[in-house]
**Student:** 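For reference, the structure I am asking about is given below.
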Amino acid sequence: MSKPSGRIENVRTSMTPNQAVTLWMLEAHHSGSMFAYSETLGSGNGAGQLLDGFNRRIKSATEKRLRGRQAGETNAAILSAQKDVAFLFMLHIRVNVRVGYQLRAWQLSVS
């Protein structure tokens, strides 16, 4: 029987791009704010750190899924999955920023 932490890491490294970003969103929202969440990541470039982590997980998951296929096919699938993650990540960030600005404008207009 494997350790629970090993099973969790196996799940984390076998996710699709949508699942990886959804997990990140849950973790980030659990922290209460992006600032609080970025502090949990430690020093360094928060967004860059996140994308690097996503890329490692997605690469590992794609390699596992396409084990035994030609390198060109695997590399193309990895690149596509990494682009999907980057798109979803940036979409989430931009929507949150826009909604934050809009909420402030609404609050100012009400008060």
**Student:** If we check side chain to side chain contact (heavy atoms under 4.5 Å, CB included) with Gln19, which of these qualifies: Val21, Thr16, Leu23, Thr22?
**Tutor:**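 The side chain to side chain contact (heavy atoms under 4.5 Å, CB included) with Gln19 is passed solely by Thr16 among Val21, Thr16, Leu23, Thr22.
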**Student:** Looking at every heavy atom in both Ala77 and Leu66, which two are closest together, and how far apart are they?
**Tutor:**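 Looks like CB-CD1, 3.3 Å.
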**Student:** How close do Pro17 and Ala81 get, counting heavy atoms only, and between which atoms?
**Tutor:**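 The pair with the smallest heavy-atom distance is CG-O, 3.7 Å.
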**Student:** To the nearest 0.5 Å, how far apart are CD in Gln102 and CD in Gln107?
**Tutor:**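 Those atoms lie 10.5 Å apart.
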**Student:** Of all residues at least two apart in sequence or in a different chain, which pass the side-chain hydrogen bond (donor to acceptor under 3.5 Å, both in side chains) check with Glu63?
**Tutor:**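 Result, side-chain hydrogen bond (donor to acceptor under 3.5 Å, both in side chains) vs Glu63: none returned.
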**Student:** Minimum heavy-atom separation for Gln82 to Ile58, with atom names?
**Tutor:**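 For Gln82 and Ile58, the tightest heavy-atom pair comes out as N-CG2, 4.0 Å.
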**Student:** So how far is it from Thr74 OG1 to Arg65 CZ, rounded to the nearest 0.5 Å?
**Tutor:**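 That separation rounds to 9.5 Å.
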**Student:** Quick one: list whatever passes salt bridge (Lys or Arg N to Asp or Glu O under 4.0 Å) with Arg69, sequence neighbours left out.
**Tutor:**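 Per chain and number, Arg69 pairs via salt bridge (Lys or Arg N to Asp or Glu O under 4.0 Å) with Glu73.
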**Student:** Taking atom NE2 of His92 and atom CZ of Phe87, what is their separation to the nearest 0.5 Å?
**Tutor:**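 These two atoms lie 13.0 Å from each other.
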**Student:** Following the transitive rule for hydrophobic clusters with a side-chain heavy-atom cut-off under 4.5 Å over Ile, Leu, Val, Met, Phe, Trp and Tyr, establish whether Leu26 and Ile93 coincide in one cluster.
**Tutor:**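 Hydrophobic grouping puts Leu26 apart from Ile93.
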**Student:** Rounded to the nearest 0.5 Å, what's the gap from CE on Met25 to CG on Leu88? Could you check?
**Tutor:**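 These two atoms lie 9.0 Å from each other.
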**Student:** Under the 3.5 angstrom rule, does the side chain of Ser60 hit a backbone N or O of Arg57 as a donor-acceptor pair?
**Tutor:**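 No; judged by distance alone, with no hydrogens or angles, the pair does not exist.
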